[in-house]
Structures are given as structure tokens and as C-alpha cells.
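Order of the sequence lines sets the chain letters (A, B, ...), proteins ahead of strands, with each chain counted from 1.
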Protein chains: 4
Amino acid sequence: MQAIRKAGVKRIYKHGFEAMKLRSLAEDVGIQAGSLYNYIRNKEEFLFLLLKEVLEELLEGLERELAGIDDPKEALIRFINFHLRWHTARKEEVFIGNMELRSLSKQHLQEIIRMRTEYESRLRRILERGNEAGEWSVADPQVISYSIIASLTGVCNWYSPRGRLSQDEIIAIYTDHVLGAVGAR
Amino acid sequence: MQAIRKAGVKRIYKHGFEAMKLRSLAEDVGIQAGSLYNYIRNKEEFLFLLLKEVLEELLEGLERELAGIDDPKEALIRFINFHLRWHTARKEEVFIGNMELRSLSKQHLQEIIRMRTEYESRLRRILERGNEAGEWSVADPQVISYSIIASLTGVCNWYSPRGRLSQDEIIAIYTDHVLGAVGAR
Amino acid sequence: MQAIRKAGVKRIYKHGFEAMKLRSLAEDVGIQAGSLYNYIRNKEEFLFLLLKEVLEELLEGLERELAGIDDPKEALIRFINFHLRWHTARKEEVFIGNMELRSLSKQHLQEIIRMRTEYESRLRRILERGNEAGEWSVADPQVISYSIIASLTGVCNWYSPRGRLSQDEIIAIYTDHVLGAVGAR
Amino acid sequence: MQAIRKAGVKRIYKHGFEAMKLRSLAEDVGIQAGSLYNYIRNKEEFLFLLLKEVLEELLEGLERELAGIDDPKEALIRFINFHLRWHTARKEEVFIGNMELRSLSKQHLQEIIRMRTEYESRLRRILERGNEAGEWSVADPQVISYSIIASLTGVCNWYSPRGRLSQDEIIAIYTDHVLGAVGAR
DNA sequence: TATGAATGAGGGTTCATTCAT
DNA sequence: TATGAATGAACCCTCATTCAT
């Protein structure tokens with residue numbers, strides 16, 4: 001099953017979910033297409049479970065990262081750090097999570113959206129707490145949280161482990177950038 | 001033909017390019033599927049022409065917006081303004097341009113990428129000119145240009161003409177945000 | 001379309017509806033399987049339309065046969081005559097109508113059942129009118145109408161145009177049999 | 001094994017033999033599909049054995065019912081009685097025996113047909129003996145035997161233990177009906 | 001006897017595309 | 001330019017059946 005998951009992520013990342021043929025996926029793991037159905041109920045649900053698992057791990061990871069952190073600036077820095085690390089390390093899964101939502105059923109889409117919203121709201125609350133603490137003065141925490149997340153997530157469009165910049169360098173650049181944007185440099 | 005274009009944009013935006021059936025597209029404009037081929041060569045080329053036209057207008061628009069502007073800060077402000085105005089006004093086409101690249105043939109993809117890169121490079125050069133002019137000090141203009149564009153483009157994921165914020169308010173928020181980020185507030 | 005219908009009846013009669021492959025049906029009429037879908041919406045609906053048309057013609061035929069007949073005995077004789085003629089002449093379609101109901105969707109099944117019930121009720125009413133007119137005395141017109149119809153319909157299990165008995169001989173035998181059964185010989 | 005038989009009869013009666021999935025059948029008796037093959041050789045043979053057993057019991061039952069009866073009228077009455085009792089009590093198995101013959105292999109079909117023919121011939125011989133004894137005068141014993149059996153068997157299309165009529169009432173109606181038909185009321 | 005994973009052969013259906021009219 | 005019937009290649013999914021454990 002883990003092999004199917006892995007092969008699925010690779011294929012979906014490369015060709016898109018609709019273009020991924022179950023026959024090819026099966027071939028990747030060395031079984032017949034029909035045998036896949038011992039592990040998945042259907043193609044759409046397979047995608048859903050993939051995305052759900054990613055989001056669950058993402059949420060848990062963030063939870064752990066922010067546990068016990070009260071200072072808003074420290075929290076923001078950790079958020080940036082965590083988000084970038086995650087979105088470079090598991091770039092493929094993240095990419096799928098942004099691209100293939102349209103292939104989900106209505107029900108499944110709702111659940112995924114719910115989890116994403118929950119994740120995003122963590123950043124919004126950090127920004128709000130910073131406002132309250134006088135750490136910075138962000139005019140519209142909602143919009144700015146979207147802006148920051150979009151900006152950070154964009155990294156997985158061009159990041160490569162063999163690229164010019166290391167993870168740490170990227171994190172440094174973005175951290176400085178975002179802190180400047182909220183006025184907390 | 002313009003009717004086909006319009007219907008195409010709507011359908012692709014709503015369900016994705018692969019999920020858009022030519023039969024449905026034909027129905028939208030009141031003809032039979034076969035008749036579409038009097039206007040398009042095939043489905044993939046239809047997508048390509050759509051995207052190309054959008055990018056051409058985008059590039060021309062930016063050209064006009066920045067014509068004769070030498071001051072980097074002024075240029076940056078105008079870039080933000082233009083990009084947001086465009087990405088809220090023609091949100092659907094922009095969205096497609098970000099999502100459906102995978103459905104293009106290799107050749108067509110290259111051409112689209114080239115145009116996108118050209119567009120992005122305008123912002124990078126603005127950032128570089130600001131560095132040279134001492135207007136700000138952006139550590140990595142390449143990365144920061146990606147960051148800014150991702151952040152601005154993200155607006156089309158949530159913007160609605162009937163939403164809480166007007167175009168102008170959104171522009172104000174983002175302009176302040178980005179200027180802060182580069183240290184030119 | 002009529003060719004498809006004809007080929008469909010033959011195949012369903014011979015191998016059963018579930019066993020009829022659309023590929024074979026298409027082959028029978030000299031087209032590809034996919035082309036069938038220019039004429040039918042899906043396999044199940046094809047069956048439904050087949051059965052519905054048969055039943056419509058059956059009902060219309062009976063209507064015409066009994067039009068203006070008041071005498072119950074005369075009506076009964078005509079019913080027997082009509083039913084047998086129909087069930088020998090269009091034996092295959094009738095057979096399908098009795099065998100393949102289980103392959104219909106709930107909705108379609110209901111509609112077919114409704115038409116069958118309507119047909120059966122004609123005989124029941126003839127029996128009732130005979131009771132009222134003192135022509136005969138049938139204890140339970142409902143049950144007896146079922147019994148008569150089952151008995152007559154059974155003919156299509158063994159009838160063959162090249163068999164020992166002609167249509168007319170069969171009709172004579174059954175007419176005498178049924179009249180005796182209701183006590184009107 | 002008896003559990004499988006029972007579950008099989010139920011499923012086949014309800015959805016038809018082709019529509020009965022071995023997976024469902026296995027689920028009904030609380031095992032996996034593969035385990036069924038410890039009890040059956042394959043799906044088709046399972047059906048055959050089902051039908052054969054039913055017909056064997058039917059034949060034996062009739063044998064016992066008619067043993068030592070010489071009088072044709074008495075024999076006819078007993079035949080009607082037996083057939084109806086059987087076809088109401090074991091309606092589901094009988095129904096299958098009439099509907100699912102097409103799913104049998106050629107060999108198996110022949111054997112089943114042989115048994116059915118044997119059963120039917122008992123009635124034909126009763127009618128013939130009645131003719132010889134001057135008890136009645138049936139023009140075509142072959143056809144009339146088919147007619148009577150079809151009429152009686154039809155009862156399992158509408159009979160319900162909780163219906164308007166009891167088994168005994170139904171038997172009374174049919175007996176009177178058939179005796180009238182052969183002219184022996 | 002039971003499991004459960006695997007097989008492999010389709011089966012219905014879809015859909016971009018073609019082409020004679 | 002429009003039609004509509006046809007193509008043909010695939011695709012997802014099903015299911016009886018097998019077999020190592």
C-alpha cells in the first residue's frame with residue numbers, strides 16, 4: 001500500500017491526476033490494475049486519502065512546531081521555517097494538494113478545504129496576536145495570511161534540492177522578507 | 001470564435017481542461033461538437049492559444065504601465081497595482097494560466113513558460129534597479145520576485161467582486177505589505 | 001435504429017440481456033460499439049425502450065381488437081385469439097418481456113409493470129362482465145385472469161411456426177379449453 | 001453448504017443468477033469468496049446442482065402423491081393439489097428453475113430439461129388416461145398439459161403467504177377451473 | 001477449511017476527432 | 001459553416017477463479 005501511495009504521488013505529480021492511468025500505477029508496483037482494488041475503493045478516493053494524509057501530517061507538524069510558543073514573533077518565525085521546510089521536503093505531495101482538488105468529489109473536497117482552512121487560520125491567529133501584543137500592526141490579518149502563505153508555498157514551484165540555494169538560505173531570505181512585510185524586522 | 005473562447009475559459013476554470021468535453025463546449029455556443037473544428041485545430045491547441053493570448057495582453061499591459069517610469073519604487077507600486085487589477089479582473093483566465101500548463105504539448109509549454117519568465121523578469125529587474133539606486137536592499141531579487149508574484153497572484157484564489165474588500169482596498173493592503181517587505185515603506 | 005432493435009431482440013432472446021455484449025450488438029449492425037451511443041443512452045434504457053414499445057403495441061392492439069364489443073363471451077374469445085396470435089407472432093419480444101424485467105432500473109420496472117397490469121386488467125374486466133351478465137360464474141376473476149394469461153402466454157415456450165400445430169389450430173384448442181374452464185363452452 | 005444453498009436461492013431469486021456475485025454469496029454465509037470453492041466447483045455447477053436437487057424432490061414428491069392412484073380424475077386433482085402446494089411453498093426455487101435455465105451449460109441444461117419433461121409427461125399421461133376411460137375428452141393432451149402447467153405455475157408470480165387467499169382457497173379455485181377446462185367438473 | 005491478495009479477461013461507456021453530406 | 005453519424009482507442013472498474021499460506 002505504501003508502494004502504491006508513493007507511485008501514485010510520483011505519477012500524479014508528473015502527469016496530473018486525470019492523466020494517471022490505474023494500469024500504469026499498477027505496473028509501477030508490479031501488479032495488475034484490478035489488484036489495486038484490494039487497496040483502494042476507486043481512483044477518486046485514492047486521491048482523497050492521499051491528500052488527507054498529507055494534510056493531517058501537516059497539521060500535526062505545525063501543532064508540534066508551535067507547541068508552547070507564546071511570543072508572536074517567535075511563532076511567526078517558526079511558522080515560516082516549518083512551512084518552507086515542509087514545502088521543500090515534500091514538494092510533490094504539496095503540489096498535488098494545490099493542483100488536484102478539482103478531481104475530488106464534493107464531499108471529499110469539503111473535508112480537504114476544511115483542513116486547509118484550519119491550517120491557514122493558525123497563521124492568521126499569529127498575526128492577530130502580534131497586533132494585540134503591539135509586536136507589529138498588520139492591517140488585515142486575513143488577507144496578509146493568505147499573502148504570506150501564497151508567497152511561501154510558491155517556493156515549491158521552483159525549489160530543487162540541487163538548486164543554487166540551500167533550504168536554510170531560502171528560509172533566511174523568506175524570513176527576513178516576511179518579517180519586513182509585517183514590520184517586525 | 002470569441003464565444004467559444006469565452007465558454008472555454010468558463011468551463012476550464014470551473015472543471016479543469018481535461019474535464020472540459022468538447023461536446024459541452026459546443027453545446028455552450030449552440031453548435032455540434034464537430035463544428036468546433038471549423039474554429040480550432042484540436043483541443044490542446046485551443047488551450048495554447050487561449051493562454052498565449054492572455055499572456056500577450058498581460059505583457060503588453062505591463063509594458064504600457066511601466067512605460068517611461070524610471071523610479072524603482074514608483075515602478076514597483078505600479079507593478080503591484082497592475083498585477084492585482086489584472087488578476088482580479090480576469091481571475092479566471094489567470095487561474096487557468098497557472099493550473100493547466102500540464103496539458104500543453106512540450107513545444108507549446110516552452111513558449112508559454114518563456115512568456116511567463118519574461119513577465120516575471122520585469123519585477124526582478126525593478127528590484128535590482130532599486131538595489132542599485134539604493135532605494136532598498138533586497139538580498140535575492142530572483143527569489144523575492146517569485147515570492148512577491150506568488151503572493152499577489154494568490155489573490156485570485158479568494159477574490160470575489162462581491163467580497164468584503166474592494167479592488168482598491170486590496171491593492172492598498174498589498175502595496176503596503178510588499179513595500180514593507182522590501183524595506184521601502 | 002430499427003436494425004439495432006431487431007438485432008437486440010434476437011441477441012437478448014438467445015443469450016439473455018446480461019449476456020448480450022454491446023460489442024456484439026454493434027457488430028451485428030456493422031458499427032463500432034461506441035457508435036451505439038448515438039442511438040441509445042445506455043444498455044439498460046435500451047432494454048426499457050424495447051419492452052415499452054412492445055407493451056404499447058400490445059395494448060393498442062388489444063384496444064382495437066375489443067373496440068365496440070359488448071358481449072363478454074365474444075370479448076373473451078377475441079382476447080384469447082388476439083393474445084395467442086400476438087404471442088406466437090412476436091414470441092421473442094414477449095419472451096424477453098417476461099424474462100428480463102429484473103435487469104430494469106426501479107423506475108423503468110415500475111412503468112413496465114404498470115402497463116402489464118393494465119393489460120391484465122382487461123381480461124379481469126371481461127370475466128367480471130360475464131359474471132354480471134350471467135354468461136358464466138367465475139369464482140375469483142382476479143386469480144382466473146392470471147391463470148388464463150399464464151396458460152396462454154406459456155405457448156411461446158414451445159410454439160414454432162414449423163411445429164405440428166398451426167396458429168389456428170392452437171387458437172381453437174385454447175379457446176375451447178378456456179371457455180370450458182369458465183363454464184361457457 | 002446448506003447455508004450456501006439457501007443464500008444462493010435467495011440471491012438468485014431476488015437479482016438473477018448472473019447478477020449474483022460470489023462475493024455477496026460468500027458474505028451472506030460469513031466467509032470469503034475464495035472459500036466458497038471448498039464447497040462448489042464453479043458458479044455454473046452450483047446453479048445446476050441447485051436446480052437438479054429441486055427437480056429431484058419435485059419428481060419424488062409427485063411420485064409419492066400419485067402412487068397407487070388409478071382413477072384419472074382423482075389423479076388430476078392430486079396433481080393440481082401437489083403442484084400448487086409445491087409451487088407456493090417453494091416458490092423461490094421453482095421460480096429460479098423457470099428463469100435461469102439459460103445460464104446452464106449445454107450438458108447440464110439437457111439434464112434439467114429431461115427432468116422437466118418427465119414431470120410434465122405425468123400430467124399428459126393422466127389426461128390421456130382420462131380420455132381412454134371416457135372421463136373427459138381432451139383434444140390435444142400435449143398442448144393442454146402445457147396449458148395447465150403454465151397456468152398452475154403462474155401462481156408463483158403473485159402468491160404470497162400473507163396474501164388475500166390461503167393455499168387451500170387457491171387450490172380450490174384452480175381445481176375447479178381446470179376440471180371445468182377438461183370438462184370433468 | 002479459511003484467507004486475502006492476485007489474476008486476467010472483458011464490459012460498458014466516454015470522447016476527441018474525422019468526414020461525407 | 002454546420003451536421004451527425006462513425007471511429008477507435010482507452011479507461012475505470014468488476015468478478016469468477018486461483019493459490020500460497
Side-chain angles (χ1 to χ4, degrees), chain A residues 1 3-4 15 17-27 29-47 103, chain B residues 1 3-4 15 17-27 29-47 103, chain C residues 1 3-4 15 17-27 29-47 103, chain D residues 1 3-4 15 17-27 29-47 103:
Chain A
M1 180 60 203
I4 299 176
H15 309 101
F17 175 72
E18 299 232 39
M20 175 189 71
K21 302 175 244 178
L22 291 190
R23 270 176 179 77
S24 312
L25 179 57
E27 206 179 348
V29 295
I31 58 175
Q32 292 288 115
S35 305
L36 284 177
Y37 287 80
N38 288 319
Y39 304 96
I40 70 176
R41 209 194 306 280
N42 56 54
K43 207 187 169 194
E44 187 271 338
E45 205 205 63
F46 176 57
L47 174 62
S103 297
Chain B
M1 180 57 203
I4 298 176
H15 309 102
F17 175 72
E18 299 235 41
M20 176 189 71
K21 297 174 254 182
L22 291 190
R23 271 173 173 77
S24 312
L25 180 58
E27 201 182 355
V29 296
I31 59 177
Q32 293 293 112
S35 307
L36 281 179
Y37 286 80
N38 290 318
Y39 304 94
I40 71 177
R41 206 195 308 279
N42 56 54
K43 205 185 169 192
E44 187 270 340
E45 203 206 64
F46 175 60
L47 175 62
S103 298
Chain C
M1 182 55 203
I4 299 176
H15 308 103
F17 175 72
E18 299 233 40
M20 175 188 72
K21 302 176 244 180
L22 290 190
R23 274 173 176 79
S24 311
L25 179 58
E27 204 180 349
V29 295
I31 58 176
Q32 293 288 113
S35 305
L36 283 177
Y37 286 80
N38 287 321
Y39 303 95
I40 71 176
R41 206 194 309 280
N42 55 53
K43 204 187 170 195
E44 188 271 339
E45 204 205 63
F46 176 58
L47 174 62
S103 296
Chain D
M1 180 60 204
I4 299 176
H15 309 104
F17 175 72
E18 299 235 40
M20 176 189 71
K21 299 176 253 182
L22 291 191
R23 272 175 173 77
S24 313
L25 181 58
E27 201 181 354
V29 296
I31 60 177
Q32 293 293 113
S35 307
L36 280 178
Y37 286 80
N38 290 317
Y39 304 95
I40 70 177
R41 205 195 310 278
N42 56 54
K43 205 186 169 194
E44 188 270 340
E45 202 204 64
F46 175 61
L47 174 62
S103 297

Quick check for you: to the nearest 0.5 Å, what is the distance between [X] atom [atom1] and [Y] atom [atom2]?
X: A:L25; Y: A:I31; atom1: CG; atom2: CD1; result: 7.5 Å
X: A:H15; Y: B:E18; atom1: NE2; atom2: CD; result: 11.5 Å
X: D:K21; Y: D:S24; atom1: NZ; atom2: OG; result: 5.0 Å

Quickly work out the [X] [atom1] to [N] [atom2] distance and round it to whole Å.
X: C:M20; N: E:dG11; atom1: CE; atom2: C1'; answer: 12 Å
X: B:K21; N: F:dC11; atom1: NZ; atom2: C1'; answer: 14 Å
X: D:I31; N: E:dT3; atom1: CD1; atom2: P; answer: 7 Å
X: B:H15; N: E:dC15; atom1: NE2; atom2: P; answer: 12 Å
X: A:M1; N: E:dA6; atom1: CE; atom2: C1'; answer: 16 Å
X: C:L36; N: E:dT14; atom1: CG; atom2: P; answer: 12 Å
X: C:E18; N: E:dG10; atom1: CD; atom2: P; answer: 17 Å
X: C:N38; N: E:dT13; atom1: CG; atom2: P; answer: 14 Å

Find every protein N or O atom lying less than 3.5 Å from an N or O atom of nucleotides 17-19 of chain F, and list the pairs.
from, atom 1, to, atom 2, distance (Å)
F:dT17, OP2, D:Y37, OH, 2.6
F:dT17, OP2, D:K43, N, 3.0
F:dT17, O5', D:Y37, OH, 3.1

> Considering only heavy atoms from C-beta outward, does the side chain of C:L22 approach that of C:F46 to under 4.5 Å?
Replying inline: no
> Does F:dT21 pair with anything, Watson-Crick or G-U wobble, both distances under 3.5 Å, and if so, with which nucleotide?
Replying inline: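 Per the H-bond distance test, E:dA2.
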> Counting only Watson-Crick or G-U wobble pairs whose two distances fall under 3.5 Å, which nucleotide matches F:dA10?
Replying inline: E:dT13
> Which residue pairs satisfy the salt bridge (charged side-chain N to carboxylate O under 4.0 Å, His left out) criterion with at least one member in residues 30-43 of chain D, sequence neighbours excluded?
Replying inline: D:R41-D:E45
> How would you label the contact of B:Y39 with the nucleic acid (heavy atoms, under 4.0 Å): base, sugar-phosphate, or nothing?
Replying inline: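 Sugar-phosphate: the residue B:Y39, judged by heavy atoms under 4.0 Å, touches backbone atoms but no base.
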> Any side-chain N or O of D:Q32 less than 4.0 Å from the OP1 or OP2 oxygen of E:dG4?
Replying inline: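 Answer yes for this pair, as a side-chain N or O of D:Q32 is under 4.0 Å from OP1 or OP2.
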> Looking only at heavy atoms, what is the nearest atom pair of D:N42 and D:Y37, with distance?
Replying inline: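 Scanning both residues, the minimum pair turns out to be CA-CE2, 4.2 Å.
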> If you count the non-hydrogen atoms of other residues, nucleotides and ligands that lie under 6.0 Å from CD in A:E27, is the total more than 12?
Replying inline: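 Count not over threshold, so no.
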